[in-house]
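Lettering of chains follows the sequences in order, A, B, ..., and the numbering in each one begins at 1.
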Amino acid sequence: MTLAVRKFDTLVIGSGGGGLRAALQLSQAEANVAVVSKVFPTRSHTVAAQGGINAALANVLPDNWHWHMYDTVKGSDYLGDQDAIEYMCRAASHLVYELEHAGVPFSRLDNGKIYQRPFGGQSQDFGGDQAARTCAAADRTGHAILHSLYQQNIRAKTHFFDEYFAVDLVKDEQGHILGALTIEIETGEPLLIEAKTTLLATGGAGQLFCNNTNAHINTGDGIAMALRAGIPVQDMEFFQFHPTGIAGKGMLMSEGARGEGGYLVNKDGERFMERYAPHAKDLASRDVVSRAVATEIREGRGCGPDGDYVLLKMDHVGEEVIAKRLPGIRALAETFAGIDPAKEPVPVSPTAHYTMGGIPTNRYGQVVAPVDVGEEAIPGLYAVGECACVSVHGANRLGGNSLLDIVVFGRAAGNHIIEFLKEHRYHRPMDQGSVDKAMVNLHRWDRKGEGETVGGLRGELQQVMDDYCSVFRTKEILTEGVQKILEIEKRLNNVYLRDHSKIFNTARIEAMELVNLVDLAVATMISALAREESRGAHSRMDFPERDDKHWLKHTLYYKEGKRLDYKPVRVKPLTVESFPPKPRVY
Amino acid sequence: MKFRIYRYNPETDSEAVMQEYILEDITPGMMLRDALLRIKEEQDETLSFRHSCGEGVCGSDAININGHNGLGCITPVSELKEPVDIRPLPGRPVVRDLVVDMSQFYHHYRSVKPYLTVYEPEPEVEYLQSPEDRDKLDGLYECILCGCCTTACPSFWWNPDKFRGPAALLQAARFIEDSRDQATAERLEDLEGPYRMFRCHTIMNCADACPKGLNPTEAIGRIKQRMLKDQS
């Protein structure tokens, strides 16, 4: 049977905010765009973002983009690339106004301007008083942004392939990316999509961990596809643990809860963040707050019969603020913890939340890989959002910067693709060998036999990640973790599907997602073992200090040979002075 | 706990059956989605259903639970009467098991032009909107397009090709009520005629079914009032 083929100028894989913002830019420029998504676009995980999007609009308190840049560099524990950070913070206000014009129903101030709330790691005047930089639509900002972007894409007549799963990138021998092999979930039929440019916008990989805030679909598919295409992935050891997931369940209680005045207490009723971050307290960076919570729990000051959580207290904030500004998290707390936060505190603990690492890109969204001297763009391949590592988040992302990241770099990638298409008018010849290779990965799941199950192995993988790659790490723990993950990788070969049907076979999709998760777990664990320092979210108890002399550099992990390499941090911004590394206190 | 789940795979089955599953060890706070996942993982990998966020914001896992539409991920199993009957959303073609074809639902959504439309040049900053005007969008913008309402609506069952259905009409109201939108007249005109909106007979199944507590019937009422106001 011949393989069905469609041709487009640009293939966007993933329909969250990054993919949709790029697609919008391209459709408006009359490029021929296909957006492939394994779920209907408004079900992408951007929909779950709660607190808001950062931009120095100064609607509530004085602010400017340079202060935002400082906070982001400091928040990244100096691992962020300062050219990309300057670009993002400078673009932020414009991008937020653009979203507002696109229809996002932001909450409003009495003067009619966009409402902004304080969020973690924000300051005025380079480390001074708390800033209020996070533009919010109640606590449903991601939902509001994703729906508005989808709606504008409807207007722009973007072509959607809903419920198609991307199996692998296809590339030729010169290293050009030629599109991707996909499978239509409803029919089980493969479809080759040829494109002059391919944009990966597939989101993060929170499903690496058992205890996570992420959707079931967040399996890091694009990052794994890049790995299999021979591209190294960057800084995978930096995984953000959000301090306030509902204990034992994982649902996110937005940082906005603390932004609106909520705070954390231990079993003695002590507001313990005052000890860890005397100045910023509960609005210190997420890595700092997560470590504080984990420390309280480890040292026996946790709450509950097992002492394994702390309490997020919001009852003093008042019924009106909670009803108006935090209705979504109230509903979550009521549904999943049986608690009304306006009356009682909510049990919370650190929960895997955000993939800081990912596919290395420059600030135009081009995927880059090292060559003999420096690095070069992979022709025809772009990546934006959580699957990418540009790197604006470095070792720790600030709350409110992820929604910003996706729209800023979604637009930037769209613009660069438009230029690329002007110079590359025709599709390159298809590389049959690469297609065949991708088909092997798809048909691998037609194999019949007795062996392990997808769900069983995924569960074990997540447990290993929770146990060996969590908030606090040591050489001993990580070495054992690497061994366990490599065993799981071996066992993958012995996993068989029981369901070999074609029509809407979700078991097969989950099997391919498991393959992706395994690749990323190996990358994360090996990168984490190698980095012998503590920086941002990567906290080594055996190397408790940040070591700028040896480790102010990005990790690169290659699938082939499971080899590591490193590249320098871009410490030089575009126009302003560099922020040199300083001790990081909040 | 006993579950009876609608099973149909067009490749192998000539008709649908209700298949029984027993799940032991129901944990406190367990949601229906957790139960379905456990059945799929432990007992029957071939059971197909959509789901994703697990917290009621993505709208993937709308199903019919003991005769009532809802989201599996925010429905506690402890609140369900045994045996729990699980079926796909009513009135839509079944693709497989609990997965239905939602294309007509999305078609109606697109046809109300669900995007902010402004004819004048855009300002360099945000459009100003008073908190009171913004409040008018509450209860409208939160829709997650799960389809629980539209597929519970008898008017939609009778005229699925012509009646927009509660979800699409809620979206129409979301833009009609938005003080920034300048296409109100066109939007109202577009809903004239006996079918697109006026097939709504305020049966209220939609409000009853909405897992987000929204009230499409009330939104449709607001559109009708705007039409009257515009005509007078």
Side-chain angles (χ1 to χ4, degrees), chain A residues 39-40 42-45 47-48 57 93 96-97 100-103 105-114 137-138 140 142-144 147-148 151-152 154-155 162 186 214-217 249-252 328 331-332 335-338 453-456 459 497-499 501-507, chain B residues 9-12 29 31 37 40-42 44-60 74 76 95-97 99 101-102 106 109-110 113-118 122-131 133-134 137-138 141-145 174-175 178 180-181 212-213:
Chain A
V39 293
F40 181 75
T42 63
R43 326 239 181 262
S44 306
H45 195 54
V47 80
L57 305 184
S93 295
V96 168
Y97 292 140
E100 196 274 337
H101 296 161
F106 283 110
S107 301
R108 299 288 169 156
L109 299 160
D110 285 341
N111 64 9
K113 291 184 176 183
I114 293 170
R140 304 186 181 99
H143 170 283
H147 280 250
S148 295
Q151 292 162 349
Q152 291 296 335
I154 293 176
R155 173 190 237 170
D162 296 336
E186 183 174 329
N214 280 207
H216 187 80
I217 54 173
K249 308 256 180 175
M251 289 78 197
L252 179 64
L332 284 178
T335 305
F336 290 98
T453 64
V454 170
L497 288 179
R498 280 76 187 155
D499 185 354
S501 58
K502 287 172 78 95
I503 308 289
F504 223 100
N505 183 340
T506 54
Chain B
N9 180 349
E11 287 168 81
T12 48
M31 296 293 168
L37 281 172
K40 186 175 173 67
E41 215 172 290
E42 297 165 13
D44 189 349
E45 189 178 278
T46 66
L47 173 63
S48 279
F49 53 98
R50 294 184 177 107
H51 70 102
S52 181
C53 74
E55 53 183 45
V57 296
C58 80
S60 301
I74 53 172
V95 176
R96 171 177 174 176
D97 299 341
V99 178
D101 180 347
M102 296 278 279
Y106 298 135
Y109 171 70
R110 285 193 300 271
K113 301 194 175 76
Y115 35 80
L116 192 73
T117 302
V118 177
E122 290 174 344
E124 294 90 336
V125 295
E126 69 264 61
Y127 297 113
L128 297 182
Q129 184 174 50
S130 70
D133 279 341
R134 171 59 183 76
L137 306 183
D138 284 343
Y141 84 95
E142 303 94 322
C143 172
I144 57 173
L145 300 179
R174 180 248 171 275
F175 289 97
D178 195 321
R180 300 169 295 176
D181 191 85
K212 305 303 285 182

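If you measure heavy-atom distances from V125(B) to chain A, the contacts under 4.5 Å come from both the backbone and the side chain. For T12(B), no part lies near chain A; criterion is any non-hydrogen pair under 4.5 Å. Residue P76(B) does not touch chain A at all, counting heavy-atom pairs closer than 4.5 Å. With a threshold of 4.5 angstrom between heavy atoms, Y109(B) approaches chain A through side-chain atoms but not through N, CA, C or O. At a 4.5 Å heavy-atom cutoff, the contact between I74(B) and chain A is made by backbone and side-chain atoms alike.
Rounded to the nearest 0.5 angstrom, S60(B) OG and F40(A) CZ are separated by 10.5 Å. Note that CE of M31(B) is 6.0 Å distant from OG1 of T335(A), once rounded to the nearest 0.5 Å.
Most heavy-atom pairs under 4.5 Å with chain B: of the set R498(A), M251(A), R140(A), R155(A), this distinction falls to R155(A). Of the listed residues (G213(B), G29(B), G59(B)), the greatest number of heavy-atom pairs within a distance under 4.5 Å of chain A belongs to G59(B). Of all the listed residues (R110(B), R50(B), E42(B)), the one sharing the greatest number of non-hydrogen pairs under 4.5 Å with chain A is R50(B). Each of E126(B), E41(B), K40(B), K212(B) has some count of heavy-atom pairs under 4.5 Å with chain A, and the biggest count is that of E126(B).
Listed by chain and residue number, nothing satisfies the side chain to side chain donor-acceptor pair (under 3.5 Å) test with Y127(B) (two or more places apart in sequence, or in another chain).
The residues R96(B) and D499(A) are annotated as salt-bridged, a charged nitrogen and a carboxylate oxygen being separated by less than 4.0 angstrom.
In this structure, R180(B) contributes its side chain and G103(A) its backbone to a donor-acceptor pair below 3.5 Å.
H51(B) and H216(A) have tilted rings, their planes meeting at an angle from 30° to 60° on a 0 to 90° scale.
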